[in-house]
Amino acid sequence: MAIGARDRIDAMLVRKYAMQKVDNPIIQTSMVNPEKMYEAMNDYAQMHLSMLNIQQRLKDTCISAISGSIQYTKTRNIKLKKPPELVGAMP
């Protein structure tokens, strides 16, 4: 990707606004403090990580409780059946 004007209109706009100086003091005063933003992002990430850990522990607890309470019952007698002898089977 090239840097600079791509066509004639872009070149004219670049020439027109190349020497313009923009001073917008509102941006500096209304800007959020970066340290405060970083702290908020860090707090959110830590809370999300804690929630994931709690969710995983809850899942592990539920799995162990369910697996501990399962009672297996034998509903029928399953025996291995031998296949009947093939009479006149082709080799």
Side-chain angles (χ1 to χ4, degrees):
M1 182 176 209
I3 297 174
R6 291 183 292 241
D7 57 12
R8 205 177 91 201
I9 295 174
D10 283 343
M12 288 179 8
L13 287 172
V14 168
R15 274 196 305 272
K16 180 176 181 179
Y17 293 107
M19 301 308 288
Q20 295 291 326
K21 299 202 186 280
V22 178
D23 188 17
N24 195 350
I26 298 172
I27 292 175
Q28 294 297 326
T29 58
S30 66
M31 188 172 81
V32 176
N33 184 5
E35 288 297 320
K36 201 171 183 182
M37 177 63 81
Y38 175 74
E39 288 175 10
M41 290 170 60
N42 190 32
D43 290 344
Y44 181 79
Q46 289 296 326
M47 182 186 63
H48 188 66
L49 184 62
S50 297
M51 295 305 252
L52 286 174
N53 289 337
I54 290 171
Q55 183 181 12
Q56 185 62 41
R57 278 191 269 152
L58 179 62
K59 190 185 297 183
D60 292 341
T61 303
C62 290
I63 288 172
S64 64
I66 290 171
S67 64
S69 66
I70 292 176
Q71 295 179 357
Y72 296 99
T73 57
K74 191 174 181 181
T75 57
R76 59 183 176 153
N77 192 6
I78 300 175
K79 292 183 181 177
L80 293 176
K81 294 184 179 180
K82 292 183 181 178
E85 294 297 324
L86 298 176
V87 179
M90 299 174 115

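If you're wondering where the values come from, they're calculated on a predicted model, not measured in any experiment.
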State, yes or no, whether a side-chain contact exists between L58 and C62 at a heavy-atom distance under 4.5 Å.
yes

For the atom pair CE (M12) and CG (D7), what is the distance rounded to the nearest 0.5 Å?
9.5 Å

Separation of M47 CE from L52 CG (nearest 0.5 Å)
10.5 Å

Output for pair (H48 NE2, N53 CG), nearest 0.5 Å, gives 10.5 Å

Other residues, nucleotides and ligands only: do more than 12 of their heavy atoms fall within 6.0 Å of CD1 on I9?
no

Let me confirm one number: the CG-CD distance from N33 to E39, rounded to the nearest 0.5 Å.
8.0 Å

Within 6.0 Å of CE in M41, more than 12 heavy atoms from elsewhere:
no

Atom CG of L49 and atom OH of Y44: how far apart are they, to the nearest 0.5 Å?
12.5 Å

Just how far is it from atom OG1 of T61 to atom CD1 of I54, taken to the nearest 0.5 Å?
11.5 Å

